[in-house]
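First up is the structure itself, then whatever we jot down about it.
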Amino acid sequence: MASASLLKSAPVLGKPEWLKGQALPQPSASVVRCNPVASSALTVRATSSYADELVKTAKTVASPGRGILAMDESNATCGKRLASIGLENTEANRQAYRTLLVTVPGLGQYISGAILFEETLYQSTTDGRKIVDVLVEQNIVPGIKVDKGLVPLAGSNNESWCQGLDGLASRSAAYYQQGARFAKWRTVISIPNGPSELAVKEAAWGLARYAAVSQDNGLVPIVEPEILLDGDHGIDRTFEVAKKVWAEVFFYLSQNNVLFEGILLKPSMVTPGAEAKDRATPEQVADYTLRLLRQRIPPAVPGIMFLSGGQSEVEATLNLNAMNQAPNPWHISFSYARALQNTCLKKWGGRPENVEEAQEALLVRAKANSLAQLGKYTGEGESEESKQGMFVKGYVY
């Protein structure tokens, strides 16, 4: 197995607007009491002391022509990526690859936020600079994956639930101190396995509790109930399930007094199952997805950052572009992992001499999706490699 090293640096920019003047406020535990009614009093949760900052951060991430680089793969998943190019899963190799990603010159022109794994949040680049600082210099907001992964949901139809609420408040406070300003929690819904009412409610409740805790600690929560591509169902079935899931999610977000202006969403696009015989055009995907958003998502939400979910790099970009052919109430953009990194990883191959070529590949994909966010992507000049699907059945992050 090979080893890897990097020597790349990012351009140093001025202190970004979303950080200017920010102190480290302490969350308030106060409540506002209404006049007593009968023998009990109605209590209303006070607005978080971070409210203004949350709104500002969310708007920064949801800025025109920019989206999110999801690089929050767990160490095990990162190891699978490295193994595909012949590298061992060591901290040094993970550091080398993450350094490659965050030091792409000019990346901040197209990328507004980067979701990090916990190791990365506390990691430095190969030349000794804190990764968080490198991102901020590029005007990219650092984010953090806070969930603890999926486990079997007892009493369900072989479905999962997402763990990680225990200790979330203290971890979130520590992540804020380290420089993170938004968080991500991924739970999944499986159409072939139901989805059962139990699984949908568990996913929605967990996302709502996570969102409330995140906001109380200064982190903008990305709300991500991923509807998996697994299955041979048609696009209409996906649409019906997605409507049910998002109705539950926003019901529980409201129950938990989550500030809608201070969240971001990371939904799946409405597509047929990966094994469906009838495929959908970008225009059909856009039509179904935008109908879902109009029926379920309040316009107060500033940004909808779609996941790629195993689509090819080009397919994910074409679908995003189709959704931005007319004005929308929300900033409709991307939060891609494989759909940004796949060609970049292969170009790198773990070799220092390939770093520049690999970084250029990432910049090409970031620019393509930036154009798609603006509704100006044409798809011209794309490589055959970028058109290859990346669906993995039962994908684990």
Side-chain angles (χ1 to χ4, degrees), residues 68-84 89-91 94 97-98 114-123 142-175 178 180 182-196 198-214 217 219 221-230 245 248-249 252 264-268 305 307-310 335-338 341 390-397:
I68 294 174
L69 169 61
M71 47 180 291
D72 58 318
E73 298 91 348
S74 67
N75 288 347
T77 301
C78 192
K80 294 177 184 177
R81 302 269 202 277
L82 295 174
S84 73
N89 186 15
T90 65
E91 183 177 357
R94 294 193 298 270
Y97 180 54
R98 290 161 178 165
I115 312 172
L116 309 177
F117 189 60
E118 186 175 65
E119 179 183 74
T120 319
L121 182 69
Y122 292 93
Q123 205 167 38
I144 178 69
K145 169 186 167 71
V146 299
D147 69 76
K148 293 295 184 180
L150 301 169
V151 292
L153 176 61
S156 72
N157 186 28
N158 294 320
E159 294 163 290
S160 301
W161 68 284
C162 188
Q163 57 188 349
L165 289 175
D166 289 351
L168 179 60
S170 59
R171 286 190 286 118
S172 297
Y175 297 150
Q178 184 63 16
F182 70 95
K184 193 200 87 163
W185 176 287
R186 173 186 180 257
T187 192
V188 301
I189 299 294
S190 170
I191 292 179
N193 289 355
S196 67
L198 172 64
V200 172
K201 287 187 179 295
E202 175 60 43
W205 176 255
L207 284 166
R209 288 306 305 142
Y210 138 76
V213 172
S214 295
N217 290 279
L219 302 178
I222 290 182
V223 177
E224 182 184 0
E226 180 177 353
I227 299 173
L228 297 172
L229 283 176
D230 302 58
V245 169
E248 290 287 329
V249 167
Y252 286 117
L264 296 167
L265 306 186
K266 186 172 178 176
S268 310
M305 323 299 284
L307 59 89
S308 56
S335 178
Y336 294 164
R338 289 172 288 172
Q341 298 180 41
M390 293 176 281
F391 169 70
V392 177
K393 192 170 185 177
Y395 181 67
V396 178
Y397 214 66

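For this chain, numbers begin at 1 and follow the sequence in order.
- Here I144 contributes atom CD1 and S214 contributes atom OG; the two are 11.0 Å apart, rounded to the nearest 0.5 Å.
- No donor-acceptor pair closer than 3.5 Å links the side chain of S196 to the backbone N or O of S156.
- A pairwise comparison of heavy atoms in M71 and A114 identifies SD-CB, 4.4 Å as the closest pair.
- If you run side chain to side chain contact (heavy atoms under 4.5 Å, CB included) between I222 and each of L307, I115, L265, only I115 comes through.
- Taking 4.5 Å as the limit, every side-chain heavy atom of D230 sits out of range of all side-chain heavy atoms of I191.
- Between L264 and K266, the closest side-chain pair of non-hydrogen atoms is not below 4.5 Å.
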- Take R81 and R338 through the side chain to side chain contact (heavy atoms under 4.5 Å, CB included) test and state the conclusion after the steps. CA-CA 10 Å; R81 302 269 202 277; R338 289 172 288 172; 3.5 Å; yes
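- The shortest heavy-atom contact between L207 and E224 is CD2-N, 3.7 Å.
- No donor-acceptor distance shorter than 3.5 angstrom exists from the side chain of Y175 to the backbone of N217, with no hydrogens or angles considered.
- Heavy-atom minimum distance, V245 versus P225: CG1-CB, 3.9 Å.
- With rounding to the nearest 0.5 Å, the separation of CG in L229 from OG in S268 is 7.0 Å.
- Contact check for Y210 versus P221: side-chain heavy atoms found under the 4.5 Å cut-off.
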- Message: Between R171 and E118, is the salt bridge (charged side-chain N to carboxylate O under 4.0 Å, His left out) condition met? List the steps.
- Response: CA-CA 10 Å; R171 286 190 286 118; E118 186 175 65; 5.7 Å; no
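- For N89 (side chain) and A83 (main-chain N/O), no donor-acceptor pair under 3.5 Å exists by modelled atom type.
- To the nearest 0.5 Å, the span separating CG on D147 from NZ on K145 amounts to 3.5 Å.
- Relative ring orientation between Y252 and W205 is described as perpendicular, the plane-to-plane angle rising above 60° on a 0-90° scale split at 30° and 60°.
- Contact detail for N157 and G194: the closest heavy-atom pair is ND2-N, 4.3 Å.
- Taking the side chain as every heavy atom from C-beta outward, V151 and W161 approach each other to under 4.5 Å.
- To the nearest 0.5 Å, the span separating CG on D72 from NZ on K184 amounts to 4.0 Å.
- Atom-to-atom distance recorded for E202:CD and S160:OG is 11.0 Å, nearest 0.5 angstrom.
- Pairing each heavy atom of F182 with each of L219, the nearest pair is N-CD2, 4.0 Å.
- Taking CD1 from I227 and OG1 from T187, the interatomic distance works out to 11.0 Å, rounded to the nearest 0.5 Å.
- For the residue pair Y97/E73, the side-chain donor-acceptor check at 3.5 Å is not satisfied.
- Using a distance-only test at 3.5 Å, with no hydrogens or angles considered, a donor-acceptor pair links the side chain of Q341 to the main chain of A70.
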Please tabulate, for side-chain N and O atoms in residues 162-170, each donor-acceptor pair with protein atoms closer than 3.5 Å (sequence neighbours left out).
from	atom 1	to	atom 2	distance (Å)
Q163	NE2	K148	O	3.3
S170	OG	G167	O	3.0

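- Side-chain contact between R186 and L150: present, with at least one pair of heavy atoms (C-beta onward) separated by less than 4.5 Å.
- Residues A199 and I189 come closest through the heavy atom pair O-CD1, 4.1 Å.
- In this structure, the side chain of N193 does not engage the main chain of P195 through any donor-acceptor pair within 3.5 Å.
- In this structure, R98 and E119 have side chains that are in contact, with non-hydrogen atoms separated by less than 4.5 Å.
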